[in-house]
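Presented below is the structure to which this report refers.
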Amino acid sequence: MGKQDFLDSSNERMNKQLLFTANIDKMTSVMRRTMLIDKSRRENDAEHSWHIAVMAMLFTEYAAEPVDIGRVVQMCVVHDLVEIIAGDTFAYDAEGNSDKEDREKAAADKLFSEIPEEQGKMLRSFWEEFDAMETADAKYAACMDRLQPFLHNTLTDGHTWVGNHVNRASVEKRMAIIKEFMPEVYDWVSDNIDNAVSKGWLNP
């Protein structure tokens, strides 16, 4: 069975919502570089989005400014939807990131046009706010997006760092938003960067 088996309702708006819901199931097939902590396989986009949404509910006490956790969770679950079309771009892939913005904008144009207009605008606004990283809510969501794979690396012998020859400066640049917005958490991050370099997981 598949989308071709979808039985239309008499409500065209509902049809769009149901088909969009079916479409975003594809997130479970978008594989990321991050290894699951049990090292059994790589995680997918849906797992990552769920994970950071739950994390967002736990770490608000370390945020430099008050955040609206409801909005943050919405950003977390929406931020990678465009990767259904654009694919995942590894954070430390300079070549892949060179055209990421254009690819993801084109994907957003297509994806968010598939649901009722006001809902498409709502989801897109969360996606755009997350990417801009200007509001307190977006900064906090971005912290979660960076902290989760970092934690995984510390618990999987630096799996994605080692396999992609990542260096210390690149990780520090990636984690800069945590240094700015969650300085107490960054103290832990910094200790783990030192540890990763000492163990050879990160290039100096």
Side-chain angles (χ1 to χ4, degrees), residues 2-3 16-59 69-115 119-120 122-133 137-156 158-161 163-164 166 170-171 174-175 177-178:
K3 286 173 67 175
K16 286 184 176 181
Q17 292 164 326
L18 289 167
L19 286 168
F20 181 81
T21 301
N23 193 28
I24 63 175
D25 177 72
K26 292 176 183 176
M27 283 191 79
T28 60
S29 299
V30 179
M31 304 306 296
R32 293 167 47 83
R33 299 289 183 95
T34 304
M35 181 68 68
L36 295 182
I37 291 170
D38 69 3
K39 301 182 183 180
S40 61
R41 61 172 173 81
R42 289 155 55 196
E43 71 174 358
N44 62 53
D45 263 1
E47 292 166 329
H48 167 69
S49 297
W50 157 79
H51 209 169
I52 67 170
V54 175
M55 288 172 63
M57 295 187 285
L58 304 180
F59 291 93
I69 191 60
R71 297 188 75 257
V72 171
V73 168
Q74 287 173 302
M75 273 187 235
C76 288
V77 297
V78 165
H79 82 289
D80 275 345
L81 282 177
V82 296
E83 294 185 359
I84 290 169
I85 298 170
D88 176 64
T89 304
F90 181 49
Y92 302 106
D93 178 0
E95 182 178 347
N97 278 281
S98 65
D99 66 346
K100 177 184 175 184
E101 184 177 350
D102 291 338
R103 285 187 291 106
E104 291 194 347
K105 183 180 181 301
D109 290 342
K110 182 177 189 306
L111 185 66
F112 297 132
S113 69
E114 295 176 357
I115 46 176
Q119 292 184 325
M122 174 188 68
L123 294 187
R124 184 168 192 145
S125 71
F126 281 126
W127 172 71
E128 290 177 344
E129 182 178 349
F130 177 92
D131 263 15
M133 243 176 11
D137 292 344
K139 288 178 181 180
Y140 181 64
C143 287
M144 299 300 101
D145 185 47
R146 285 151 177 74
L147 184 60
Q148 185 255 0
F150 183 90
L151 175 62
H152 277 235
N153 268 304
T154 69
L155 299 175
T156 57
H159 179 268
T160 56
W161 297 332
N164 295 278
V166 178
S170 296
V171 173
R174 176 82 177 156
M175 306 300 281
I177 187 61
I178 297 179

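Fair warning: this is a prediction, and the values are worked out from it, not measured in the lab.
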Q.
Can you tell me how far apart CG (L147) and CE (M144) are? Round to the nearest 0.5 Å.
A. 5.5 Å
Q: Hey, could you give me each pair passing ring pair (Phe, Tyr, Trp, His ring centres under 6.0 Å) that has a residue in residues 81-110? Not counting sequence neighbours.
A: F90-Y92
Q | R174 and D145: CA distance, side-chain angles, deciding distance, salt bridge (charged side-chain N to carboxylate O under 4.0 Å, His left out) verdict | A | CA-CA 10 Å; R174 176 82 177 156; D145 185 47; 3.7 Å; yes
Q. Only one of H51, R33, R32 forms a side chain to side chain donor-acceptor pair (under 3.5 Å) with E43, so which one is it?
A. R32
Q: Verify the neighbour count for atom NZ of K100: are there more than 12 heavy atoms of other residues, nucleotides or ligands below 6.0 Å?
A: yes
Q: Flag the pair E47 / N44 as yes when at least one side-chain heavy-atom distance between them is below 4.5 Å, and no otherwise.
A: yes
Q.
I need the I115 CD1 to Q17 CD distance, nearest 0.5 Å.
A. 8.0 Å
Q) Are T34 and T156 close enough, and set up right, to give a side-chain contact (heavy atoms from CB on, under 4.5 Å), and what steps lead you there? A) CA-CA 9 Å; T34 304; T156 57; over 6 Å; no
Q) salt bridge (charged side-chain N to carboxylate O under 4.0 Å, His left out) between E101 and K105: does it pass, once the steps are laid out? A) CA-CA 6 Å; E101 184 177 350; K105 183 180 181 301; over 6 Å; no
Q: Could you please spell out the steps behind the side-chain contact (heavy atoms from CB on, under 4.5 Å) verdict for V171 and V166?
A: CA-CA 8 Å; V171 173; V166 178; 3.6 Å; yes
Q. Nearest 0.5 Å, what's the CZ-CG distance between F20 and L123?
A. 5.5 Å
Q: Determine, stepwise, if the pair I69 / M57 fulfils side-chain contact (heavy atoms from CB on, under 4.5 Å).
A: CA-CA 7 Å; I69 191 60; M57 295 187 285; 4.2 Å; yes
(Q) Under 3.5 Å, is there a donor on one side chain and an acceptor on the other for N153 and T160? (A) yes
**Q.** Contact summary for D88 and M31, nearest pair of heavy atoms
**A.** CB-O, 3.9 Å
(Q) Between M27 and I84, is the side-chain contact (heavy atoms from CB on, under 4.5 Å) condition met? List the steps. (A) CA-CA 6 Å; M27 283 191 79; I84 290 169; 3.7 Å; yes
**Q.** Side-chain heavy atoms of E104 within contact of I85, under 4.5 Å
**A.** no
Q: Using the test ring-ring contact (aromatic ring centres under 6.0 Å, His included), find all partners of H159 that sit at least two apart in sequence or belong to another chain.
A: none
(Q) If I take atom NZ from residue K139 and atom CZ from residue F130, how far apart are they, to the nearest 0.5 angstrom? (A) 14.0 Å
**Q.** ring-ring contact (aromatic ring centres under 6.0 Å, His included) against H48, all qualifying residues, sequence neighbours excluded
**A.** H79
